Amino acid sequence: MSVEKIGVIGGGLMGHGIAYLLAAAGHEVAVFDPAAEIRATLPGRLQAVADLFGDDPALPERIFVHEQLGAAFAAASFVFEAAPEKLALKQKIFADLEKLVAPDAILASNSSAIPTTQIGLHLKHRERVVGTHFWNPPHLVPLVEVIENEKTSDDVVRATMELLRDAGKTPVHVRRDVPGFVGNRLQHALKREAIALVAAGVCDAETIDIVVKEGPGARMAVLGPMEQSDLVGLDLTLNIADVLYADLDRTPGPHPFLRQKVSDGRLGMKTGEGFRHWTTETAAAVRERLSCFLLQQAKARKKPLT
Ligand SMILES: NC(=O)c1ccc[n+]([C@@H]2O[C@H](COP(=O)([O-])OP(=O)(O)OC[C@H]3O[C@@H](n4cnc5c(N)ncnc54)[C@H](O)[C@@H]3O)[C@@H](O)[C@H]2O)c1
């Protein structure tokens, strides 16, 4: 694996994890963030990741933080943008980067929803723009969707996948820049049905969570839906689809039940109530449970197979 010079744009929630995992893979990483508070807290947040993994405490010192998008980024072979989800802002960042980096440097956006076709629209070298959709927290969740747009070259997709694979991630190639890519489409298809079931009074929100965690979710980390269909047989899958699909929720747009919750200010853990009720303690317990679980999984993946 060659050591690359990598720029990360934005040192917030996603940017600090992306910077960490790339530095942990041995690359030279520079982070740019215009917010003084974010720059000031970055070393501590990186240290917390090192502590979480039990990594060399000196590792975060290899990540340099910058107030300007300057010389430290000019030599980068890859830049990962993790700035706020605003098209005009991302377009400006990419235009600034184009003036700075070599024509073959790869420019990747971590945007959740904005097509990279739009982000790179005014650039001269559009073939080097690619989507890299990391999942939060990026240093713990293995998947990265590598999204090709109309202009992305095959070489850029290949090099990006290789860099991420070498850094211990699980990159997948998404061949079209469709809204939600693959992961969020699947996740929201499930949420759509879950919300409709609760709204119809079929079960309560807690029951949905138990059903998913103790049922299909218990095996999903090792058995994807396509494998599962092949396992039970496509004939059975078709028989169930024949009976079920006509009954699944087809509300056009977000369900009124969700809209009502939001207009009532019931936004979830941050307001104490969403689909379920939360106290500071129960919300903290969920975050702790998630973090411990993801960490355990990440450590298990790092162990060599015997
Ligand atoms: N949070 C998630 O779960 C998640 C998951 C996948 C993808 N994303 C995407 O990742 C991107 C970043 O999200 P986040 O959650 O890390 O946001 P965040 O608000 O935590 O971080 C964004 C950072 O960008 C900085 N910033 C502001 N203006 C900037 C500029 N002009 N140049 C460089 N940096 C600038 C901010 O100071 C901040 O530190 C967004 O596009 C988001 O949609 C987020």
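Being a predicted model, the structure only gives us computed values, none of them experimental. Just follow the structure's listing: the first ligand is 1, and inside any ligand the first atom is 1.
- Summary of contacts: the protein heavy atom closest to atom 33 (C) of ligand 1 is Ile9 CG2, 3.4 Å.
- At distances below 3.5 Å, at least one donor-acceptor pair connects side-chain atoms of Glu193 with backbone N or O atoms of Asp249.
- Residue contact check: Phe134 has heavy atoms under 4.0 Å from atoms 5 (C), 6 (C) of ligand 1.
- If you check the side chains of Glu98 and His125, you find no donor sitting under 3.5 Å from an acceptor.
- The closest protein non-hydrogen atom to atom 14 (P) of ligand 1 is Met14 CG, 3.8 Å.
- In this structure, Arg266 pairs ionically with Glu273, as a charged nitrogen and a carboxylate oxygen lie closer than 4.0 Å.
- Remark: ligand 1 and Asp33 share an N or O pair separated by less than 3.5 Å (distance only, no angle test).
- With atom 40 (C) of ligand 1 as the reference point, the heavy atom nearest to it among Gly10, Pro137, Ala83, Ser111 is part of Ala83.
- Within a 4.0 Å radius of atom 10 (O) of ligand 1, the protein has at least one heavy atom.
- Comment: Lys261 does not engage Asp264 in a salt bridge, judged by the lack of any side-chain N to carboxylate O separation of less than 4.0 angstrom.
- In this structure, Gln228 and Val232 have side chains that are in contact, with non-hydrogen atoms separated by less than 4.5 Å.
- Considering Ala113, Pro34, Gly17, Ala35 only, the shortest heavy-atom separation from atom 35 (C) of ligand 1 involves Pro34.
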### Task
Determine, stepwise, if the pair Glu4 / Ser2 fulfils side-chain hydrogen bond (donor to acceptor under 3.5 Å, both in side chains).
CA-CA 6 Å; Glu4 306 286 348; Ser2 57; 2.9 Å; yes
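- Ranking protein heavy atoms by distance to atom 3 (O) of ligand 1, first place goes to Asn136 CB, 3.3 Å.
- From Glu81, atom CD reaches atom CG of Leu97 across 8.5 Å, with rounding to the nearest 0.5 Å.
- The nearest protein atom to atom 42 (C) of ligand 1, hydrogens excluded, is given as Ser112 OG, 3.5 Å; this is a heavy-atom distance.
- A distance of 12.5 Å separates CZ of Phe257 from OG1 of Thr251, quoted to the nearest 0.5 Å.
- Each of the following atoms of ligand 1 lies closer than 4.0 Å to a heavy atom of Leu89: 31 (N).
- Phe78 places none of its side-chain heavy atoms less than 4.5 Å from the side chain of Leu107.
- Residue Leu69 does not touch ligand 1, judged by heavy-atom distances below 4.0 Å.
- Taking the six-membered ring where the residue is Trp, Phe53 and Tyr20 present parallel rings, their angle staying beneath 30° rather than reaching 60°.
- Heavy-atom separations between His133 and ligand 1 include at least one value shorter than 4.0 Å.
- Within 4.0 Å of atom 17 (O) of ligand 1, not a single protein heavy atom is present.
- Ligand-side atoms of ligand 1 in range of Ile38: 37 (O), 39 (O), range being under 4.0 angstrom from any heavy atom.
- In this structure, atom 41 (O) of ligand 1 lies nearest to the protein heavy atom Glu85 OE1, 2.5 Å.
- The protein atom (non-hydrogen) at minimum distance from atom 22 (C) of ligand 1 is Ala82 O, 3.6 Å.
- Between Phe73 and His66, the ring planes lie perpendicular to each other; the angle is over 60°, past the 30° to 60° tilted range.
- The closest approach between any non-hydrogen atom of Lys90 and ligand 1 is below 4.0 Å.
- Counting heavy atoms closer than 4.0 Å to ligand 1, residue Ile114 contributes nothing at all.
- No side-chain N or O of Asn110 forms a donor-acceptor pair with one of Thr132 less than 3.5 Å apart.
- In this structure a side-chain-to-backbone donor-acceptor pair under 3.5 Å is present from Ser111 to Ile114.
- Distances from atom 24 (O) of ligand 1 to the heavy atoms of Gly12, Pro138, Pro84 show the closest one on Pro84.
- When only non-hydrogen protein atoms are considered, atom 1 (N) of ligand 1 lies nearest to Leu13 CD2, 3.5 Å.
- The distance criterion of under 3.5 Å between nitrogen or oxygen atoms is not met by Phe32 with respect to ligand 1.
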